[in-house]
Structure formats: structure tokens, C-alpha cells
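Just so it is clear, the values below take in all heavy atoms, side chains as well, and ignore hydrogens, waters and symmetry mates. These numbers were taken from a predicted model, which means no experiment stands behind them. When a ligand or atom number is given, it counts from 1 through the structure's own listing order.
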Amino acid sequence: MLVRALALVNIKNEIEKRRTFAIISHPDAGKTTLTEKLLLYGGAINLAGSVKGKRTAKHAVSDWMEIEKQRGISVTSSVMQFKYDGYCVNILDTPGHQDFSEDTYRTLMAADSAVMVIDAAKGVEKQTVKLFKVCVMRNIPIITFINKMDREAKDPFELLEEIENVLGINTCPVNWPIGSGNDFKGVFDMATQNVLAYTANNGQKEVLQDILPLDSDELKERLGPYMMQDLMDNVELLEGAGDEFDLSRVREGKLTPVFFGSALNNFGVEPFLKSFLEFTTPPLARESDEGIIEPSSDVMSAFVFKIQANMNKMHRDRIAFMRICSGRFEKDMELYHVQGGRKIKLLQPQQMMASEREMVEEAYAGDIIGIFDPGVFSIGDTICSVGSKFKFKGIPTFAPEHFALVRQKDTMKRKQFIKGINQIAQEGAIQIFQELDAGMEEVIVGVVGVLQFDVLKHRLEGEYNCDIIMTSLPYQYIRWITNEEIDVKHLDLASDTKRIQDLKGNKLLLFTSEWSIGWALEHNKELMLQEFGTNN
Ligand code: G4P
């Protein structure tokens with residue numbers, strides 16, 4: 001009895017320390033640079049090796065897939081863990097390339113909060129908007145880091161307005177920049193009313209940071225009368241304007257605290273990290289079909305959010321990444337795979353520590369582990385302690401934006417084609433659809449990032465020995481029809497709208513423009529459409 005109570009206290013303590021977040025941004029905003037600096041504070045990499053660390057980390061992950069090596073980019077997302085100030089921090093990395101995939105979205109399902117990195121010169125960009133939508137869907141806290149203040153930047157008020165207008169979230173600056181580019185002098189901290197002063201360091205990456213009170217002579221001297229007056233005006237303006245800081249609204253994802261800084265110069269990163277850890281919560285409870293599962297429960301549970309295929313070409317093996325949602329995981333423990341309906345042992349559990357992959361002895365709610373998957377797991381599957389059988393709410397299927405008609409070149413290879421395309425779809429790399437009442441001779445493949453088409457072709461050829469013919473389709477939007485009773489064949493649709501179904505028989509519509517979506521809704525009053533599907 002006492003042993004169990006102690007074990008539960010230990011689980012609770014470990015979970016309290018954990019913070020699991022993803023960084024969202026448009027490519028080039030500085031996500032990798034910020035991640036590096038965060039890892040630096042965690043002691044996970046040393047300064048001299050930081051840039052190299054970035055390359056090796058990317059390389060190590062990229063090595064898993066041949067296509068990535070060929071293209072020199074990372075198509076996968078990885079997870080890094082580090083310790084800082086008594087916290088155990090898990091950063092979920094999301095692919096930075098323009099051709100990101102559904103994995104990027106799914107990774108956000110495993111995070112409890114998000115850091116949104118924005119380039120101060122560019123403001124809110126396209127990919128940020130997409131990723132932001134997924135965070136909002138989950139109501140997770142989003143903390144904003146406006147990066148590259150050492151370069152010419154947009155006006156900070158304008159940047160906040162853009163976040164509010166384009167993304168629809170209220171903002172609350174935690175600090176305020178003084179100048180930008182060559183005139184960047186630092187940031188004013190609202191809470192302490194001190195200035196964290198920035199001194200450019202002859203192009204050195206690490207800059208000097210001094211804390212100067214607002215009324216100090218040194219600050220006046222450094223800023224000069226004009227900038228000093230400007231700062232005082234802004235301080236006054238900020239007191240009267242903007243949203244007040246409200247931690248509960250931050251935690252509900254209704255208000256984003258905003259920090260200004262420069263990741264490259266490691267300026268403002270540590271204060272950001274400290275506040276971020278305070279603002280965000282330990283792992284959150286998750287919804288299952290048997291009710292809410294608390295992280296501190298003594299039942300271990302996890303769900304699969306990503307499957308990484310082809311780690312070893314010879315064996316067609318895969319790694320399933322799972323997010324632990326409750327309890328404590330121990331290597332070699334016997335668990336129950338709910339969707340598979342049987343007991344399992346998780347093989348070769350691994351964790352990423354910065355750029356290294358390590359075997360995991362134990363892990364707690366909030367942690368991400370990768371396990372060897374002989375082909376039994378699907379995205380969204382639940383694994384829990386033997387004796388429990390609940391399932392976590394499914395991971396949504398995100399709307400693909402690119403479509404192609406795919407068929408095998410050699411009709412004798414039909415079996416391989418069907419097997420291959422189904423397996424790749426099961427891993428979640430692509431989504432497959434059919435024309436209404438059609439067979440599998442031809443399938444419509446939908447992807448979130450066009451690179452997935454190359455991955456599909458490459459893998460069908462390499463792993464299933466099956467050449468394909470792919471014809472791209474003009475559709476850009478897909479919607480799930482949510483009212484099942486509707487007669488899809490008799491819907492009144494624009495001529496460029498296509499009726500399709502997924503493999504479970506759910507009916508969908510493909511559109512070439514938003515205008516056609518409007519047309520469909522206008523002419524079929526009872527029609528109900530949804531942008532996200534559900535996996536299970
Ligand atoms: P990403 O992961 O979001 O795609 O962006 P990444 O960190 O790779 O940064 C993109 C570029 O922006 C890099 O330059 C990086 O050095 C630069 N950068 C990041 N943060 C800052 C900052 O605070 N100030 C300035 N001035 N630049 C910043 P690059 O030349 O494309 O790459 P690299 O050769 O430096 O790696």
C-alpha cells in the first residue's frame with residue numbers, strides 16, 4: 001500500500017516538471033536557431049557546437065529516409081528533451097521546409113503548448129497561419145517570440161495588430177522592443193519595468209545583455225534623448241492599450257504573450273524560456289472514450305501520433321512515435337494495444353536527447369518515445385496498462401491540399417500496388433480516396449505537402465517494386481460531408497466539383513476553389529461540410 005502511494009507521489013512529481021511543446025513558424029523565421037539556443041540553456045549542446053549541432057541533428061534524423069538524403073532536407077519531425085531549472089522540457093520539432101506534411105500537424109496533437117516564432121520583418125506568414133489553426137483547435141497556450149529584432153523590423157504595434165487580425169488571438173506584450181536593426185537597443189520588460197539592453201558585439205553571435213532600470217542615467221545615455229522619449233511614450237501607450245496579462249486566458253489559448261528578441265544573437269531567449277515555463281502547464285488531461293484520463297493516473301497510457309517508415313529498408317520496419325498521456329512507462333513492461341486487441345511489449349523504446357537517440361528505461365506523461373513497430377500500429381492508436389481498454393479521441397485527418405490520380409504501370413502488379421498504397425496510407429503519409437463506386441485500379445491520393453508525392457513514388461518503387469503513373473489533379477480543397485443521410489449523387493454542384501469517398505465509405509467533395517465550396521453550400525441548403533476528418 002505504502003509502496004504504491006510513494007510510487008504515485010513520484011509519478012506526480014515527475015509529471016509536474018514536464019513541459020511538452022512544439023515550435024510553429026514559417027520557414028526561415030528562426031525556429032531552428034531558437035531551438036538551438038533553448039537546447040543550449042538546457043546544456044544539451046555546447047555553444048561552440050551549436051551550429052554544427054543543428055546540422056548533425058538534422059542529418060541524424062534525415063538519415064532515416066533515403067529520399068531525405070537525396071534532397072538534403074528533413075521530411076520528418078523529431079523530439080528533443082532537455083532539463084532546465086528543475087523542468088524536463090520536450091520540444092517537438094516540426095519540419096521547416098515549405099513542403100511540410102500531415103506529420104507536422106499531427107505533431108501538434110502531441111504538444112501541450114506551442115511557441116510561435118515570427119520574423120519581425122515579415123510578420124504573420126502562410127505556414128504559421130496553417131499551424132496556428134491546429135493549435136487553436138486544441139485550445140493550447142501559444143506563446144509568441146518575435147524574432148530578428150537585430151534587423152530592420154515592422155513597427156511592433158503593427159506586428160501585434162497583424163497577429164490579432166490575421167490569427168484572431170489577443171496579444172499581450174511581455175516586453176517591448178527599443179528600435180530595430182542597427183538601432184536595436186534592447187527590450188523593456190513590462191513586469192520589472194527594467195530594460196534588457198542590447199549591445200551589438202561586432203557580429204559575434206553572443207551579445208552583451210545588461211539590465212538597466214528605466215530611470216537610470218546609463219539607459220538615458222545609451223538611448224539618447226530621442227529614443228528615450230520614444231520609449232517613455234510607448235510605455236505610457238502600452239499601459240493604456242492592449243490586453244492585460246491574464247494567465248487563465250493564456251492557458252486557454254485565448255491570449256498570446258508576446259516577446260521580442262533575437263534568437264541568432266541569443267538575446268531575450270533565456271527570459272523567454274523562463275516565462276514560457278511558468279506560463280505553460282504540466283501535461284494536460286486527455287479525453288478518452290471512458291472519460292478524462294488524468295496524467296498522474298497510475299495507469300500508463302499513450303497514443304501514436306506519428307509513424308516513421310523505412311528505418312531499415314531490408315526489413316520494412318517502422319518507428320511509431322507515441323506521446324505518453326498518463327502514468328509511468330518502464331522498459332519491458334507488458335502493455336495493451338487497444339485497437340489491436342492484444343497484449344504487447346514495446347520493442348526498443350527510444351528517446352531523442354538533443355541529437356542523440358537513446359534507449360529509454362522509464363518515461364512519464366508528457367514524454368515522447370519512439371518504439372520499433374513491426375507493422376501493428378496505426379496513427380491514433382492507444383496503448384495502456386494491461387487491464388485498461390480505453391481509447392483516446394482520434395487524431396483528426398487534416399485536409400490535403402494537393403491531389404493526384406495514381407495507378408500502377410503494370411497491371412500484373414495490382415496486388416503490390418494495393419498493399420503498398422494502403423500501408424503507406426495507414427502510416428499517415430498520404431490519404432487515399434476513390435471515385436464513388438469505383439475499385440482500387442485507380443486511386444486519388446491527397447497530400448498536405450507535395451513532397452509526399454515523391455515519397456510515395458519512391459517508396460512504391462523501392463519497397464513494393466511497383467512503378468506508378470501519377471497525374472496531378474486541379475483540386476485544392478477537400479471537405480468531409482458530415483450529414484450521412486444526404487444523397488451525394490444528387491447534390492447540385494459546380495461542374496469542377498468532384499464527389500469521392502474514403503476507404504471507410506465516408507463521402508467527400510473535392511473543390512478547385514473556395515468559390516465552388518460556397519456554390520455547393522448555397523445550392524444545397526441541407527449540406528454540411530467539415531474541414532477535418534477523424535481517424536478513428
Ligand atoms: P527556420 O528553422 O525557421 O527555417 O529558420 P532558421 O533558424 O534556420 O533561420 C533562418 C535564417 O535566419 C538563418 O540564416 C538564421 O541564421 C537567421 N536567423 C535566425 N534568427 C535570427 C536573428 O535573430 N537575427 C538574424 N539577423 N538572423 C537570424 P541563414 O543564413 O539562412 O542560415 P545559416 O547559414 O545562418 O544557418
Please could you name the atoms of ligand 1 that T32 approaches to less than 4.0 Å, counting only its heavy atoms? 1 (P), 2 (O), 7 (O), 8 (O)
Test of understanding: given a 4.0 Å heavy-atom threshold, classify the contact between N147 and ligand 1 as side chain, backbone, both, or neither. side chain
Counting each atom of ligand 1 from 1 as listed, which ones have a heavy atom of K31 under 4.0 Å away? 1 (P), 2 (O), 3 (O), 5 (O), 7 (O)
Answer yes or no: does an N/O atom from M149 fall short of 3.5 Å to an N/O atom of ligand 1? no
Considering D150, T35, N265, T33, which one's heavy-atom position lies nearest to atom 7 (O) of ligand 1? T33
Kindly confirm or rule out an N or O of A263 lying under 3.5 angstrom from an N or O of ligand 1. yes
Salt bridge (Lys or Arg N to Asp or Glu O under 4.0 Å) against R19, all qualifying residues, sequence neighbours excluded: none
Tell me whether the NZ or CZ atom of K17 lies within the 45° cone about the ring axis of Y87 and under 6.0 Å from its centre. no
Residue list, salt bridge (Lys or Arg N to Asp or Glu O under 4.0 Å) with E401, at least two apart or on another chain: K130
Under a 3.5 Å distance rule, please check whether R323 uses its side chain to pair with a backbone N or O of V304 as donor and acceptor. no
One residue to check: R151. Relative to ligand 1, which of side chain, backbone, both or neither has a non-hydrogen atom less than 4.0 Å away? side chain
At a non-hydrogen distance cut-off of under 4.0 Å, which region of S262 contacts ligand 1 (side chain, backbone, both, or neither)? both
May I ask you to check whether over 12 heavy atoms, not counting those of E158, lie within 6.0 Å of atom CD? yes
To check you understand the geometry: which heavy-atom pair defines the closest contact between R251 and F279, and what is its length? NE-O, 2.9 Å
So which of N266, V117, L264 gets nearest to atom 21 (C) of ligand 1, if we judge by its closest heavy atom? L264
